[in-house]
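Below is one structure, written out as structure tokens, with a few remarks after it.
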Amino acid sequence: MKNREIARIFDEIADIMEIRQDNIFKIRAYRRASLNLEGLNRDLAQMTHKELLEIPGVGADLAARIEEYLQTGSMAYYEQLKREIPAGVFNMLAVPDLGPKTAKAIYDALQITSLEELEKAALDHRLIGIKGIKQKTEENILKGIQSVKRGRERQPLGRMLPAAEELVAALREKAPIERIEVAGSIRRRRDTIKDIDIVATSPDPAAVMEAFLGLTQVHDVIMRGPTRASVTIREGVQVDLRVVEPASYGAALAYLTGSQSHNVRLREMAQKRGLKINEYGIFREEDNARMGGENEEDIYRLLELSFVPAVLREDQGEIEAAIKGRLPRLITAQDVKGDLHVHSRWSDGAHGIAELVEAARLRGLSYIAVTDHSQGLGVARGLTVERLMEQQAEIRALNRELDGFRVLHGTEMDIRNDGSLDFPDEVLAELEVVVASIHSGFNGTKEAMTARIVAAMRNPHVHIIAHPTGRIIGEREGYQLDMEEVLQVAKETGTALEINAYPLRLDLEDRYVRRAKELGVKIAINTDTHAKLQFETLPWGISVAQRGWLERDDVLNTLSAEELLKRLKRKK
DNA sequence: GCCGTTTTCGGCCCGACTGTTTTCAGTCG
């Protein structure tokens with residue numbers, strides 16, 4: 001998928017134009033388009049010209065550049081701009097706090113062409129004396145180079161949300177705090193996170209700042225002011241804290257939650273109504289009278305918009321929907337009645353089926369499908385046909401004893417390297433829920449991997465494709481897949497795709513979830529539980545579903561067990 | 001370069017913090 005590449009190119013074009021001191025609004029246009037492409041829920045390569053023009057911030061010119069890149073693999077305008085600017089200036093922009101102005105000044109003075117040369121120049125104190133640079137700035141540039149070397153990859157939500165909640169708990173303990181919340185892309189539940197944003201109110205803001213800077217997790221202080229401080233924590237992740245007056249809490253929370261594009265849109269709308277939105281509140285332009293800001297709802301109300309949940313704030317059509325009052329009624333965890341992907345001790349799970357039932361009941365579920373691995377997956381003690389049938393007998397016996405809860409018998413069947421399935425049709429016909437997935441041969445070509453999944457979906461007994469891309473966030477990329485093809489065949493065959501709620505999977509990705517909804521492809525939100533505590537991960541999957549605009553009826557396992565079984569039989 | 005329940009031309013979100021400055025430019029989010 002070229003979306004990220006093109007987003008990066010637009011951002012680099014903006015960088016170069018900034019160095020050239022081009023028109024600031026033209027630069028912003030490229031930045032805005034870049035942001036929106038990065039968060040886009042569709043594969044650019046699959047979109048028509050008309051659809052490209054519907055992307056916020058993309059007009060005729062940028063659509064043409066996107067198409068040029070998709071067709072030729074390069075963008076003439078970008079290549080030309082890059083030739084006009086020395087590589088040295090460009091390379092320096094990677095250093096935090098070193099922007100286009102300073103980079104150009106350094107280049108003009110020293111003709112530096114790489115970060116290595118920049119580091120050497122800083123160590124030799126040759127930067128001092130260049131316009132606006134003294135000792136402190138030189139030191140900061142050196143620090144910045146170190147942080148570039150360490151790298152600052154986006155981190156999995158699965159690790160950053162717990163880290164953020166730990167910081168909030170520590171702050172609550174050490175300082176007087178009224179309201180406090182994790183904001184930013186964590187609150188929007190993006191699957192990867194760049195930094196942690198926290199907003200708080202307190203009767204003693206200075207005490208909160210002091211407590212924050214003194215937390216044991218804090219590794220380095222980047223900046224500190226009366227209302228705002230930035231630090232890095234162990235993992236090299238940046239944490240920003242904002243402390244505001246209670247009357248500003250909602251405005252600050254909205255501001256820090258973003259996305260940036262969403263906020264810019266709201267501020268533009270406010271402007272047209274003679275209002276001004278900042279992180280302190282929403283004000284009337286003429287006399288600066290405060291109209292609201294204590295709660296986020298004030299902002300949407302004053303703009304005559306439906307309240308937009310944080311998970312939707314990506315400037316991907318939610319504002320248009322909020323104007324018309326047509327936002328989705330997002331699915332909640334309470335809507336989910338069962339879990340269709342659960343492992344027991346029969347294969348690689350840690351608990352017996354009865355224990356799993358008990359745990360699922362406590363979570364408020366009324367059914368689970370036990371889907372242990374199939375025979376081909378030796379490492380996970382996959383079940384032979386004989387063992388599968390023994391398991392069926394145990395589940396039938398258990399169901400006779402259960403009241404108000406049902407165990408469905410299923411399998412997580414391996415899709416073999418050649419696209420064939422690990423159980424024959426007559427065995428699959430015995431099962432109530434057939435989940436199929438790939439566990440090996442991840443290095444196949446896009447065509448081969450797509451063909452494997454498609455072959456599985458074309459089997460009339462396969463109900464759900466589990467963790468469709470196989471990715472583990474921060475550890476391994478998913479295998480290559482033509483997701484549009486997969487989605488089309490899912491629609492055609494009536495096969496559901498899984499949102500795997502395991503925090504490091506979150507696979508299907510949100511943008512494909514939204515595409516699935518557009519096409520009418522059903523989604524199952526499953527925990528892939530291997531130990532009973534893992535039922536607790538359901539909310540992670542719900543967040544992905546919400547980011548994909550899903551409502552209750554888009555999700556298979558919001559049905560009762562009876563309705564579900566009826567639905568699943570329809571495929572055969 | 002984009003965009004339009006005031007506009008197809010003339011606008012374009014808003015503020016904090018730092019370092020180097022005697023009032024602000026640069027950078028970031």
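Chain A is the first sequence line, chain B the second, and so forth, proteins listed ahead of strands; every chain is numbered from 1.
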Whole-angstrom distance between [N] and [M], as gauged at atom [atom1]:
N: B/dT7; M: B/dG11; atom1: P; result: 14 Å
N: B/dT8; M: B/dC17; atom1: P; result: 41 Å
N: B/dC13; M: B/dT18; atom1: C1'; result: 22 Å
N: B/dT20; M: B/dG26; atom1: P; result: 14 Å

Could you please name the option among [options] that lies closest to any side-chain atom of [X]?
X: A/R242; options: B/dG15, B/dG1, B/dT18; value: B/dG15
X: A/K26; options: B/dG19, B/dC17, B/dG1; value: B/dG1
X: A/K134; options: B/dT18, B/dG15, B/dT21; value: B/dT21
X: A/N140; options: B/dT18, B/dC17, B/dG1; value: B/dT18
X: A/A29; options: B/dG29, B/dA16, B/dG1; value: B/dG1

| request: Quick one: list whatever passes ring-ring contact (aromatic ring centres under 6.0 Å, His included) with A/F25, sequence neighbours left out. | output: none
| query | Who are the ring-ring contact (aromatic ring centres under 6.0 Å, His included) partners of A/Y512, not counting sequence neighbours? | reply | none
[X] [atom1] to [N] [atom2]: how many Å, rounded?
X: A/Q238; N: B/dC28; atom1: CD; atom2: P; answer: 11 Å
X: A/L256; N: B/dA16; atom1: CG; atom2: P; answer: 12 Å
X: A/K143; N: B/dT18; atom1: NZ; atom2: P; answer: 11 Å
X: A/I133; N: B/dT21; atom1: CD1; atom2: P; answer: 11 Å
X: A/N288; N: B/dC14; atom1: CG; atom2: C1'; answer: 13 Å
X: A/R31; N: B/dT27; atom1: CZ; atom2: C1'; answer: 11 Å
X: A/R224; N: B/dG19; atom1: CZ; atom2: P; answer: 12 Å
X: A/E279; N: B/dC28; atom1: CD; atom2: C1'; answer: 13 Å

| Does the base of B/dG29 carry an N or O that pairs as donor and acceptor with the side chain of A/Y255 under 3.5 Å? | yes
| If you find the nucleotide of DNA chain B closest to A/L62 and the one closest to A/G132, which residue's nucleotide is nearer the 5' end? | A/L62
| task | Between A/V95 and A/Q135, name the one whose nearest nucleotide on DNA chain B is closer to the 5' end. | result | A/Q135
| field | Where protein sits on nucleotides 4-13 of chain B, one letter per nucleotide: B base, S sugar-phosphate only, - none, heavy atoms under 4.0 Å | value | --BB----BB
| task | Report, as yes or no, whether the 6.0 Å neighbourhood of atom CD on A/E173 holds more than 12 heavy atoms from other residues, nucleotides or ligands. | result | no
Partner set under side chain to side chain contact (heavy atoms under 4.5 Å, CB included) for [X], not counting sequence neighbours:
X: A/R326; answer: A/K324
X: A/A45; answer: A/D43, A/L70
X: A/S259; answer: A/R188, A/S261, A/H262, A/E314
X: A/E551; answer: A/P328, A/R329, A/K517, A/D554

| When you look at A/K149 and A/E119, which way does the salt bridge (Lys or Arg N to Asp or Glu O under 4.0 Å) test go after all the steps? | CA-CA 11 Å; A/K149 282 185 177 170; A/E119 183 173 24; 2.9 Å; yes
| query | Contact class for A/A33 vs. all strands (heavy atom < 4.0 Å): base, sugar-phosphate, or nothing? | reply | nothing
| Touch class at under 4.0 angstrom, heavy-atom based, for A/R65 against every strand present | sugar-phosphate
| task | Look at the side-chain N and O atoms of A/Y30 and state whether any lies under 4.0 Å from the OP1 or OP2 oxygen of B/dC2. | result | no
| task | Please check the phosphate of B/dC28 (OP1 and OP2 only) for any side-chain N or O of A/S230 closer than 4.0 Å. | result | no
In residues 86-105 of chain A, what donor-acceptor pairs under 3.5 Å come from side-chain atoms, sequence neighbours left out?
| from | atom 1 | to | atom 2 | distance (Å) |
| --- | --- | --- | --- | --- |
| A/N91 | ND2 | A/A87 | O | 3.2 |
| A/N91 | ND2 | A/T113 | O | 3.1 |
| A/K104 | NZ | A/D108 | OD2 | 3.1 |

When you compare the protein's N or O atoms with those of nucleotides 24-26 of chain B, which come within less than 3.5 Å of each other, and at what distance?
| from | atom 1 | to | atom 2 | distance (Å) |
| --- | --- | --- | --- | --- |
| B/dG26 | O3' | A/T102 | OG1 | 3.4 |

| request: Give, ordered by number, those residues of residues 43-53 of chain A having at least one heavy-atom distance below 4.0 Å to an atom of DNA chain B; if nothing qualifies, reply none. | output: none
Enumerate donor-acceptor pairs with a distance under 3.5 Å from any side-chain N or O in residues 203-218 of chain A to protein atoms, sequence neighbours excluded.
| from | atom 1 | to | atom 2 | distance (Å) |
| --- | --- | --- | --- | --- |
| A/D204 | OD1 | A/A207 | N | 3.3 |
| A/Q217 | NE2 | A/E166 | OE2 | 2.9 |

| message | Restricting to salt bridge (charged side-chain N to carboxylate O under 4.0 Å, His left out), what partner residues turn up for A/D298, sequence neighbours left out? | response | A/R301
| message | One pair to check against side-chain contact (heavy atoms from CB on, under 4.5 Å): A/L40 and A/M47. What are the steps and the verdict? | response | CA-CA 11 Å; A/L40 191 68; A/M47 294 170 71; 3.9 Å; yes
| Ion pair check, A/R228 and A/E279, cut-off under 4.0 Å | no
| request: Consider only side-chain N and O atoms of A/E5 and A/Y69, and report whether a donor and an acceptor are under 3.5 Å apart. | output: yes
| Base paired to B/dT8 (Watson-Crick or G-U; both N/O distances under 3.5 angstrom) | none
